[in-house]
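Okay, structure first, notes after.
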2 protein chains.
Amino acid sequence: MTKNINRKEYLESKPRLLPSVSIDCVIFGFSNNQLKILLLKFKNTDFYALPGGFISIEEDLSDAALRVLEERTGLRDIYLEQFYVFGSKDRRYDQTHQKIMEGNGIILKPNHFLLDRFISIGYYALIDFSKANPAPDDLSDSCEWYDLDKVPSLVFDHNQILQKALETLRSDLDTKLVGFNLLPETFTINEIQRLYETILGEKLVRSNFQRKILSLGILERIEKKMTGAANKAPYVYRFVGQ
Amino acid sequence: MTKNINRKEYLESKPRLLPSVSIDCVIFGFSNNQLKILLLKFKNTDFYALPGGFISIEEDLSDAALRVLEERTGLRDIYLEQFYVFGSKDRRYDQTHQKIMEGNGIILKPNHFLLDRFISIGYYALIDFSKANPAPDDLSDSCEWYDLDKVPSLVFDHNQILQKALETLRSDLDTKLVGFNLLPETFTINEIQRLYETILGEKLVRSNFQRKILSLGILERIEKKMTGAANKAPYVYRFVGQ
DNA sequence: ACAAAAGTGTTCTCCATACACCCATGG
DNA sequence: CCATGGGTGTATGGAGAACACTTTTGT
């Protein structure tokens with residue numbers, strides 16, 4: 001339903017959208033000991049971009065972000081954090097937008113709103129990788145996970161936005177205990193440690209990390225996990241937010 | 001000059017402004033052991049508000065904030081930090097805007113842009129109280145300092161914006177060493193401590209605070225300050241950002 | 001001499017680090 | 001029995017809290 005609205009509005013350029021404002025979502029996932037983000041690739045181009053969208057005139061900013069997230073991942077109740085607004089006066093990407101739309105067989109009229117200057121509100125989202133079902137939008141032909149260290153060059157200022165999101169995530173990691181949102185319901189201490197290590201980009205001492213995390217009092221020990229590996233079976237924990 | 005633009009645009013409602021976006025500035029000052037903020041009072045009303053404004057279509061967001069700050073305080077090169085975007089769908093304050101403009105002898109046409117929904121980007125600014133020359137804008141008849149604990153009820157959601165600014169300032173205080181922007185060029189350790197105490201809202205132990213601040217290695221001892229009081233004269237320091 | 005505030009020193013505790021050691025598991 | 005990784009114990013160092021002590025100023 002919302003997709004229809006978007007589609008129509010792209011074509012008509014008479015949107016019931018908040019003018020000159022967009023949102024961009026840096027969607028983090030964690031799999032295979034890699035921090036990953038979700039990127040779109042626009043049809044018939046080499047253009048990669050963060051998932052984003054516009055705000056309906058009757059929609060909260062955060063609801064717009066949640067809507068985008070649901071459309072791209074199929075998930076609701078996603079952990080979301082607004083982190084910065086990008087508003088340089090140069091934020092007008094008319095040529096790029098023209099090319100993107102050309103790839104979709106659309107020529108934008110000269111006064112189309114997409115050709116104007118936009119400010120973009122950055123949100124980062126943390127999701128359970130195993131539950132996400134990435135889905136492209138109307139303008140793109142792929143929506144896929146990319147390892148953080150293999151992110152291609154992105155359109156607009158999206159590389160900067162990603163960078164800022166990552167910095168914010170790093171500094172939020174300990175204070176807001178945000179990392180658990182990237183893990184499935186149950187996990188081992190080792191998995192948390194790998195997660196922290198990839199986000200922070202540094203090795204942590206296993207034994208100390210274990211104590212630190214357990215001392216937070218937010219983990220509940222469930223059972224032992226028999227991995228089949230030739231070593232002691234780790235406990236499986238569940239996050240219990242107070 | 002910029003004032004003329006604003007004035008004209010209020011009346012014409014054909015602005016060369018970024019639509020649906022505003023900025024609001026929480027301007028902090030420190031005097032008399034009190035943290036203060038600068039508020040406007042609109043003409044012929046009881047409406048108090050944070051200084052704010054709109055963004056020219058050819059202006060960076062932060063430049064717009066700096067312009068507002070200069071217009072209200074006469075100061076340039078102000079310490080500025082973007083802290084949040086307020087974008088609830090209810091952020092449409094048509095009646096209040098009508099009343100504000102009525103106080104200025106202006107009736108807004110029904111389709112005037114001021115009656116639309118706005119998102120507002122919050123900036124907080126830290127300034128040297130002793131250097132500021134508060135000046136009202138065209139719509140207000142006063143621009144004055146208010147003690148933080150005596151802030152009146154503000155229009156729109158400005159009380160919430162102020163609250164969020166204060167929280168951000170508190171958490172930035174230690175990590176970004178932001179407090180010194182509120183002090184004049186030279187100051188005593190005691191003055192810094194009073195500043196920290198008022199911002200954080202708690203008493204700090206003098207001797208420990210002294211060591212902590214000096215151990216940062218960002219203060220240069222200048223001279224002794226003879227206060228005329230019956231006690232040891234404190235040293236005067238200068239901030240030396242690396 | 002005394003009060004008041006500035007500056008410095010000392011102790012204690014807590015927490016993070018580093019590292020050692022034991023435990024469980026499958027080959 | 002051994003290799004591997006999970007879980008816990010212990011010593012060390014640095015930072016902050018609490019408090020004592022000295023120094024400097026004006027009355």
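Just so it is clear, the model here is predicted, and its values are computed rather than measured. In what follows, every chain begins at residue 1, and chains take the letters A, B, ... in the order their sequences are listed.
Taking the ring-ring contact (aromatic ring centres under 6.0 Å, His included) definition, one finds that B/F47 meets it with nothing, sequence neighbours left out.
Closest non-hydrogen pair, A/K43 versus A/D141, comes out as CA-OD2, 3.6 Å.
Residues of residues 197-210 of chain A having a heavy atom closer than 4.0 Å to DNA chain C, listed by number: A/V205, A/S207, A/N208.
Atom pair A/I213:CD1 and C/dC15:P shows a separation of 15 Å (rounding to whole Å applied). Distance B/I192 CD1 to C/dA5 P: 18 Å, rounded to the nearest Å. Between B/N190 atom CG and D/dT25 atom P there is a gap of 16 Å when expressed in whole angstrom units.
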Filtered N/O pairs between nucleotides 2-4 of chain D and protein, under 3.5 Å:
residue : atom : partner : partner atom : Å
D/dT4   : O2   : A/A230  : O            : 2.9

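The base of C/dG7 does not come close enough to the side chain of B/R221 for any donor and acceptor atom to sit less than 3.5 Å apart.
Using cut-offs of 30° and 60° for the angle between ring planes, the A/F129 and A/W145 rings count as tilted. Note on ring orientation: taking the six-membered ring where Trp is involved, the planes of A/Y48 and A/Y146 are perpendicular (angle over 60°, cut-offs 30° and 60°). The aromatic rings of B/F118 and B/F54 are tilted relative to each other, their planes meeting at an angle between 30° and 60°.
The residue among B/R211 and A/K212 whose nearest nucleotide of DNA chain C is located toward the 5' end is B/R211.
Taking 4.5 Å as the limit, some side-chain heavy atom of B/F83 sits within range of a side-chain heavy atom of B/V26. A heavy-atom distance below 4.5 Å is found between the side chains of A/R238 and A/E220.
Considering OH of B/Y79 and NZ of B/K176, their distance stands at 5.0 Å, rounded to 0.5 Å.
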